[in-house]
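Okay, structure first, notes after.
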Amino acid sequence: MRKEIYRMPDAEARALLASAPYVHLCGTDDDGRPIARTVHGVVVDGALAFHAAPAGEKLGLLDRPVVAFTEEMVAEIPSWFVDPERACPATTYYRAVQVHGVLETVSEPAHKARVLAALMARFQPEGRHVPITHDHPLYEKALRGLLVAHVPLAHLDGKSKLGQNRSAEERARILELLWQRGRPGDPRAIELIRRASPDTPLPPFLAAPAGLRLSVCLGPGDLDGALALLRGAYWNVGNSDEALRRSHLGADAWVGAHDAEGRLVATARATSDGAKHAWVYDVAVHPAQRGLGVGQAVVRLLCDHPAVRAAHLTHLYTRDAQAFYGRLGFAPPRPPPFERTELVLERAEGAPAAGPIPPSPP
Ligand SMILES: CC(C)(COP(=O)(O)OP(=O)(O)OC[C@H]1O[C@@H](n2cnc3c(N)ncnc32)[C@H](O)[C@@H]1OP(=O)(O)O)[C@@H](O)C(=O)NCCC(=O)NCCS
């Protein structure tokens, strides 16, 4: 039985299962031989469903108890994050979900077609195929020949191991050390640990202006809020909502601030090559929150983000906020340590190239 402190809320467990890139399916056949397989799974009609060829080992699991599970590694936590001497606290933080049940065959053609259509929508979201229905001549025969099976989600068990067993002070120290370590997944780990244990005291790098909460890793759930702040800004004229969404999801660092109701009131993002250059883009604070230090707090956090602080130079363009950025250490470019003879060039999407590459000499 799970320790209660690690139990994941049901909705979160379902969301983790629904977003899993793959699922492990394990059980034993009639002769007691263990079978383990990795499959693509989708949740359809309250069950985790798979498809397979109607031959092979998976058949041995049909009508038998199975466990299907998936997991996401969040962060490796070295022992010294917690104890300077003992190796025992070394651990891994992760999120995992298990489904226990009997693997049932799905034989009704319309139900089979819904599972296959859901698999296509999940793993080939661009479409580019004739939609799958049970009576379409393209699919009728294939549907008859495929095995579709599912495990009802009646016994779903999610676990998130994110330091809930540590004291609040130990967790605050873990947040600080994750931020200092700065591996690619560490900012997200910080947010997951805070969400799992909201009583964790704030380490200094997360100190926020009154009434606000700084976040070191925004995600898809923040896109609408960010677009509301950025749409129509002078530098975004001509950028579609879709371009704004993709640029945020593709950023190497995306930080912000939420108010007490969870609304995003400030956002800033950066791209970085992790060594030479980082570029800050799309800094905005909600008009009602301006002049209160929120912009400074968010840009300072962005510059301290592991992806950005790893770069030797951080660049940005601004039309009128030089004074705002000046306080954060930004200044007009210094002359390079060589005679400046280069020009800034840029290439617009789809700009024509000048003909084919000439063949190399014999
Ligand atoms: C620029 C912006 C992010 C600043 O956020 P903020 O939360 O108001 O800033 P802070 O409260 O931390 O800092 C305010 C200080 O910066 C200065 N400042 C703010 N915007 C400025 C601007 N456009 N130009 C020069 N100084 C500016 C303020 O005068 C203030 O100085 P003061 O403390 O001496 O009065 C915010 O005004 C904003 O979202 N503007 C619209 C979007 C934008 O222009 N983004 C920057 C694009 S490069």
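Numbering of residues begins at 1 and proceeds along the displayed sequence. Whatever order the structure lists ligands and atoms in, that order sets their numbers, starting from 1.
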- Query: Of A297, A233, G291, which has the heavy atom at the shortest distance from atom 6 (P) of ligand 1?
  - Reply: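 Minimum heavy-atom distance to atom 6 (P) of ligand 1 goes to G291.
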
- Which one of R290, H286, Q289 has a non-hydrogen atom at the shortest distance from atom 37 (O) of ligand 1?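 Shortest heavy-atom distance from atom 37 (O) of ligand 1: R290.
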
- Query: Do D304 and W179 have side-chain atoms, one donor and one acceptor, less than 3.5 Å apart?
  - Reply: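 Result is yes, a qualifying pair exists.
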
Say whether [X], considering both its backbone and side-chain N or O atoms, lies within less than 3.5 Å of an N or O atom on ligand 1.
| X | result |
| --- | --- |
| A323 | no |
| Q296 | yes |
| A284 | no |

- Message: Quick check against the 3.5 Å criterion: does R300 have a side-chain atom that pairs as donor or acceptor with the backbone of L328?
- Response: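 No: the side chain of R300 does not pair with the backbone of L328.
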
Look at [atom] and say which protein heavy atom is nearest, naming residue and atom and giving the distance to 0.1 Å.
| atom | answer |
| --- | --- |
| atom 24 (N) of ligand 1 | D320 O, 2.8 Å |
| atom 45 (N) of ligand 1 | V283 O, 2.9 Å |
| atom 20 (N) of ligand 1 | F324 CB, 4.4 Å |

- Task: Using a strict 4.0 Å threshold on nitrogen-to-oxygen distance, state whether E191 and R194 make a salt bridge.
- Result: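 Salt bridge between E191 and R194, a charged N being under 4.0 Å from a carboxylate O: yes.
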
- Task: Take the angle between the ring planes of F69 and H24 and call it parallel below 30°, perpendicular above 60°, tilted in between.
- Result: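 Ring orientation, 0 to 90° scale: tilted.
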
[atom] touched by protein (heavy atom, under 4.0 Å):
| atom | answer |
| --- | --- |
| atom 8 (O) of ligand 1 | yes |
| atom 22 (C) of ligand 1 | yes |
| atom 29 (O) of ligand 1 | no |

Heavy atom under 4.0 Å from ligand 1: found in [X]'s side chain, backbone, both, or neither?
| X | result |
| --- | --- |
| Y317 | backbone |
| V299 | neither |
| R327 | side chain |

- Identify whether L156 and V67 are in the same connected component of the hydrophobic contact network (ILVMFWY, side-chain heavy atoms under 4.5 Å).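 No; V67 is not reachable from L156 via cluster members.
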
- Give the minimum heavy-atom separation between S197 and R171, together with the two atoms involved.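 Between these two residues, the closest heavy atoms are CB-NE, 3.2 Å.
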
